[in-house]
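First comes the structure, then the notes that go with it.
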Amino acid sequence: MSVEETTKNYSDTLNLPRTDFPMRAQLSKREPEILARWQELDLYERLDRRNEGRQRYILHDGPPYANGDIHLGTALNKILKDVIVRYKTMAGFDTHYVPGWDCHGLPIEQRVQNDLGPDILKKSPLEIRLLCEKHAEKYIGIQRDQFKRLGVTGLWQRPYLTMSHEYEVGILEAFREIVARGYVYRGHKPVYWDPIWKTALAEAEVEYQEITSPSIYVRFPVLDADQRPWLQGLKNLSFVIWTTTPWTLPANLAVCLHPDFEYVVAQIGDEHIICAEYLLSGFCEACQLPAPKIVSRHRGAEFEGLHCAHPMIEHKQSLVILGPHVTLEAGTGCVHTAPGHGMEDYLVALKYGLPIFVPVDEDGRFTDDFPMMKGMSVWKANPLIVDHLKEKGLLVGHVPLRHQYPHSWRSHKPIIYRATSQWFMDLSKGVRDRALEAIDREVEWIPAWGRDRIYNMVEMRPEWCLSRQRSWGVPIPAVHCDDCGDATLDLAVIDRLIAIVAREGTNAWFQRPIADFLPDGWACPKCGSRRVEAGKDILDVWFDSGSSHIACLEKDPRLGSPAALYLEGSDQHRGWFQASLLIAIATRDRAPFRTVLTHGFTVDEKGEAMHKSKGNVVDPRDIIKEVGADVLRLWVISEDYRNDIKFSKQILERMSDAYRRIRNTIKFLLGNLWDFNPASDALPYPSLLEMDRWALHELAVLIDRVRKAYDEFEFHKIFHLIHGFCTVEMSAVYLDIVKDRLYCQGPADRERRSAQTVLHEVLDALLRLLAPILVFTTDEAWQYLKRPEPSVHLTDMPAAEAQWRSPDLAARWHRLLDVRSDVSRGLEAVRRTKQIGHSLDAEVHLYPHSDEVRNLLETSRSILDEWFITSGHQILGTPPAEGDGVFRGDHVTVRVVRSPHAKCERCWQHRESVGRNPEGTSLCARCSDVVRRIG
RNA sequence: GGGCGUAUAGCUCAGGUCCGGUUAGAGCGCACCCCUGAUAAGGGUGAGGUCGUUGGUUCGACUCCAACUACGCCCA
C-alpha cells in the first residue's frame, strides 16, 4: 500500500463536509428560478395570510412615477423598503405592503405629445388622456417586473395606481373636503406663457435661446422725498432701475431694494439718483454718464415706503419695497417689480399685499388696462415704450443685450411670464400652523435633521397652487360661467362627479356634458347665467400622490392611516411628504405618518450625482446581470443610506467578495450538518463543551445587535456585524478550530455533536437574520436544511436563548483570544524561517507575563492545543530572551519548536501516542480509537 | 444667493459625542507567508490615516469656535 493510498483511506474515515449547496452562486441564473419557486409556492399569499390579525406595521409606499425604467436610486429605495417590510414581517407584524404608482402628470403627457408630433393639434384632451393612460400602464408593467426581480415582495397583483377609478375618487374626496373647509380659493400666479399657442408652459417645456433684448435704465422719480429728512432738498431725485423687458413697465407696481445693501444718493449734473453703491460706477459707465458725486449712503431698508411716479401710466404710483432676492450681479440694485410678470416680483408682492396686475392678454397683447397701447403685442410695444420713456425724460441709458431668453419648446418663439387665474390651497387659515405643530408633535424624523428641513420648507413656502393647465390628470371640477367668466367650486358638483368617477373614472369630466354634473336649475352664483362650461384645469400631481393616505390607506381595511412609516429620498421633504402632510392636516387635522425615514442619493465614486451627460449612470439591471440582486441588496444595506450612497466598480467588487465570504460560511456550516438531525442529535445547553458555549454567547451577541440595528434602521451595521461574525468569530477562529472535532471524532461523539449543535444554531440564526437582505441566497440555503417551513421567509426572526448569554464566559474566552493572537504571531515568525509550515507541526512553550494569564492558561490546558491548533504546549516560568523561535507577545512569550512526535496520518496532529496502538497503524490514540469504533 | 446635509486608511464603516488629554479601531482589498480534508476555498503576519482646508481658543484638538473648499438634496 502506497503512502498516498493510506492517506486516502484515512480520508474516508473522516466526517468531511458534504453539501450540494454550490460555492458559486450564479445568482443571475439562480435568482429567477427562486422567484419562480416562490410564485409556485404562492409565497406572498402565504406570508400575507400569516400576518393577518397581527399587530400592524404599515410602511406606505411612495409611488414612483410610471415613466421609464427604474434607476439605481429607485432600486435602492425599494430594497430599503423591502428589507424593512420583510424584517417587520419576521418580527411578528402585519405589514401588508401595497406598492403604488404615480400615473398622471406632465412627463408622461410630454412623452405622448412628443410621440404625436404635429398631430397633437388634432387630438382632444380626452384622446391625449387615453394615450397617456396606455403609456403609464406600459411602464407600470415594466417597472413591476424590475422591482420583482430585485426580490421585492408585495401585493404586486393589486398595487395602487393614482389613475385608477377608486384612487381618483379618493383624490376628489380629499379635494372636496378641502373645498368644504374653505381652503381653496381663486388667485393669480405668473406662469410661463406661450402667446403663439396661448398656453401655459411648465418649466420642462421651456428652452433657452440667445436673443438681443433692449436693456434699459429708467428713472423712477421720487414723489415724497420730504418724508425722509436725509432726502430733503435734493433736486430731481429718482431711483434708477434696469430691465430687459420694457413691455413689463406698464405693469410695474413697485421698486424693490435689498434691505441690507448699501445704497447711495449720487449727484450727476443737476439730478440725484439712488442706486446700490456697488453698482454705481458700472451703471454710470454703461450709460455713459459723467462721474457721479456721492451725497449720502443709506441701507436699503431706509427707503421702504417711499413712492415714485409710474413711468408709463399717468397719476399712478410705484411703491418702494424690500426683498432679499435683489442681487448685485447686474443692474442698479433697484429692481423694477411687476407682480403679474415675474415669479420673484409676484412673491414679494404677496408679502406687501400688492395686486397682481396683468395688462397683457393670452395673445401677448395689451388690454384695456394699458389703453396707450391696447391691442399691441408686447414685442412690438418694446421699442415704443423705450421711445416713450425717452420723450418723458425717464430713460437714463439704452444698451442692447445678447442673452439667453426662454422660448417655447412648441412654437420656438420667445415666451412671456404672465399671471393667470389659478386655484390655490390657503395655508394661512391654520393649515400651515397646524402642519408645523404636527411636524414637531406627531412625527419622528429620521435622521433628526429632517425635521428642520421640512419645518423650514413648510414655514417659508408660498400658498399651494393646485391647478395646472394640462390634460393628463384629475380635473378640478370648477364650473366656468360663459357670461361673467367667474369660476365656481360647488360641493354638489364635486359630489356628482365623485359618484360618476367611481364608475367611469375622471375621463367623464372631459367627455360628458357639464349638465350631468350640475344639480337641477344650477346657475352661476355671481351673475345667474346658465351658460356654463366645465373647467379645463387639472390638479397638481403632488395632490394625487399626496392624497394616498386617503385614496389608498383609508380605503383598505388592512392598511389605515396614519401609516407607521414613509420612506423616501430626502427630496421628498418638499415633494410627497409635504403634500401628504398638508392634505392630511387640511382634511384630517393630523399627520399621515408616525415616522418619516429619508435616504440620500446614489452618487458615483467621486461622490458626484449620476447624470446621463456625465456618463456615470449605473443601470441596476446591469448589476443584476453581472452579480445578482442579492449582491445589489447587500450593497444597499452596507452603506449608510442617510448620507449619499456611493457606487463604483470597486465597491461592487468588495460587495461580491463579502457576499462570497458569507455564502462560503453558509456552505461550510451546511456541509458539516449533513448527518445532524437537530431533533435527536442536538445536545442540551449544559452538555455543550465550554468553547461551544462561548460560540453560542457570541451568536447571542450577534442576534441582539443585529435585531437592535434592524429596529433602529441602522442597516449598514447589520452588514458589518454579520460579515465580521462570519469572517472573524466563525471562519478565523471557531470554525477553523472546530474542524478537528468535526472531521476526526466519531460521528456521534459528544465532541462532534456539541460542535454541530452550535453550527446548527449559527446557521439557523444566520439565515433568518439575513433573510430580509439576501432574500434569494438564504432561501436557497434553507432548502438544504430540510425544515418543515418551505421557505425561510415563512419563519420568524431568531431570538437568542437567555442561557446562551454568559458575560463571564465571554470575558474568559476573549482573554484566550488575546493569548491566541500572541501565539499566532510567534508561529508566523517561525514559519518565516521555514522551520514549520502548518501550525500542527509545532509545539508551543508559553511563558505568561502575569499570574492572571498563567492561571487562565493553567485552567484551560485541556483545550489549548485545540485552541491554538498546535501539537502540544507547555506552560513555563521565566521567559527566555527573544530570538530564535522566541517571540515576546503582549500577554505571553512564546517559544515555538517543531513537535518531537510523529504525525498522526489521520488528524495530522503530532502526538506521542502515534503508532502505539495494537493495530500498529501510524495513528494517534484518539484516531485509532475512532477508527476502531466506526469499523 | 437661501434652507438642510456630508467630509476618519484604496473601499465600506467604528470611535472619540454632551465632560477636548497616552501609540485613531474593524473588516475588505493589497503585500508576504502557510495549508491543500471549506479548494475558482481556508489560515497567519504585515504595510496603509498630518481624522476635507485654513485660522483661532487652549499647556494640549481629529474632538470646541470661525471661515473656507468640495460634494449632495431642495429652493431662488
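Order of the sequence lines fixes the chain letters, A, B, ..., with proteins taken first and strands second; residue numbering starts at 1 for each chain.
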**Asked** Ion pair present between A/Arg926 and A/Asp749, side-chain N to carboxylate O less than 4.0 angstrom?
**Response** no

**Message:** By the 4.0 Å heavy-atom rule, please label A/Gly671 as base, sugar-phosphate, or nothing.
**Reply:** nothing

**Fill in**
Sorted by chain and residue number, the salt bridge (charged side-chain N to carboxylate O under 4.0 Å, His left out) partners of A/Arg663 (sequence neighbours excluded) come out as A/Glu780

**Prompt:** Between B/G5 atom C1' and A/Asn456 atom CG, what is the distance in whole Å?
**Reply:** 13 Å

**Fill in**
Ranking A/Glu639 and A/Phe668 by the position along RNA chain B of their nearest nucleotide, the one closer to 5' is A/Glu639

**Listed nucleotide nearest any side-chain atom of A/Arg660, set B/A41, B/C28, B/U12** = B/A41

**Asked** Would you say B/A14 has OP1 or OP2 under 4.0 Å from some side-chain N or O of A/His716?
**Response** yes

Polar atoms only, N or O, under 3.5 Å: list the protein pairs with nucleotides 52-54 of chain B and their distances.
none

Pick out the pairs of N or O atoms, protein on one side and nucleotides 74-76 of chain B on the other, that lie under 3.5 Å.
residue : atom : partner  : partner atom : Å
B/C74   : O4'  : A/Arg453 : NH2          : 3.4
B/C74   : O2'  : A/Arg574 : NE           : 3.1
B/A76   : O3'  : A/Glu344 : OE2          : 3.0
B/A76   : O2'  : A/Glu344 : OE2          : 2.9

**Request:** Go through the structure and list residues passing salt bridge (charged side-chain N to carboxylate O under 4.0 Å, His left out) with A/Arg654, not counting sequence neighbours.
**Result:** A/Asp657

**Request:** Please map the stems of RNA chain B, keeping only stretches of three or more Watson-Crick or G-U wobble pairs with both distances under 3.5 angstrom.
**Result:** B:1-7 with B:69-75, B:10-13 with B:25-28, B:30-34 with B:42-46, B:52-56 with B:64-68

**Request:** Calculate the interatomic distance between A/Trp449 atom CH2 and B/G3 atom C1'; express it in whole Å.
**Result:** 12 Å

**Asked** Is a side-chain donor or acceptor of A/Arg898 paired with a backbone partner of A/Gln835 at a separation under 3.5 angstrom?
**Response** yes

**Fill in**
With sequence neighbours left out, the residues meeting salt bridge (charged side-chain N to carboxylate O under 4.0 Å, His left out) with A/Arg911 are A/Asp865

**Request:** In whole angstrom, give the distance that lies between atom NE2 of A/His599 and atom P of B/U6.
**Result:** 17 Å

Report all interatomic pairs (protein N or O, nucleotide N or O of nucleotides 43-47 of chain B) with separations under 3.5 Å.
residue : atom : partner  : partner atom : Å
B/G43   : OP1  : A/Arg661 : NH1          : 3.2
B/G43   : OP1  : A/Ala732 : N            : 3.4
B/G43   : OP2  : A/Arg661 : NH2          : 3.1
B/G44   : O2'  : A/Glu828 : OE1          : 3.2
B/G44   : N2   : A/Glu828 : OE2          : 3.0
B/G44   : N2   : A/Arg832 : NH2          : 3.0

Any N/O pairs under 3.5 Å between the protein and nucleotides 66-71 of chain B? List them or say none.
residue : atom : partner  : partner atom : Å
B/C71   : O2'  : A/Gly607 : O            : 2.3

**Message:** Once side-chain contact (heavy atoms from CB on, under 4.5 Å) is applied, do any residues pair with A/Asp640, and if so which ones, sequence neighbours excluded?
**Reply:** A/Arg642, A/Asn643, A/His716

**Request:** Only counting residues at least two apart or in another chain, list the ones meeting side-chain contact (heavy atoms from CB on, under 4.5 Å) with A/Glu639.
**Result:** A/Trp635, A/Ile645, A/Lys646, A/Ile651

**Request:** Using a 4.0 Å heavy-atom cut-off across all strands, classify A/Asp640 as base, sugar-phosphate, or nothing.
**Result:** sugar-phosphate

**Prompt:** Under 4.0 angstrom, heavy atoms only, what part of the nucleic acid is A/Leu14 near: base, sugar-phosphate, or nothing?
**Reply:** base

**Item:** Minimum-distance nucleotide to A/Leu16 side chain [options: B/U39, B/G37, B/U12]
**Value:** B/G37

**Prompt:** Got a sec, which residues hit side-chain contact (heavy atoms from CB on, under 4.5 Å) with A/Glu729, two or more places apart in sequence or on another chain?
**Reply:** A/Glu698, A/Phe725

**Asked** Of the nucleotides B/G10, B/A14, B/A38, which one has an atom closest to the side chain of A/Pro17?
**Response** B/A38

**Prompt:** Excluding sequence neighbours, so at least two apart, what forms salt bridge (charged side-chain N to carboxylate O under 4.0 Å, His left out) with A/Arg299?
**Reply:** A/Asp260

**Under-4.0 Å side-chain N/O to phosphate OP1/OP2 contact, A/Tyr743 with B/A38** = yes

**Message:** By the 4.0 Å heavy-atom rule, please label A/Arg18 as base, sugar-phosphate, or nothing.
**Reply:** nothing

**Asked** Contact class for A/His838 vs. all strands (heavy atom < 4.0 Å): base, sugar-phosphate, or nothing?
**Response** sugar-phosphate

**Asked** The side chain of A/His723 lies closest to which of these nucleotides: B/C28, B/G10, B/G37?
**Response** B/C28

**Prompt:** So what does A/Lys649 hit on the nucleic acid, given a heavy-atom distance under 4.0 Å: a base, only sugar-phosphate, or nothing?
**Reply:** nothing

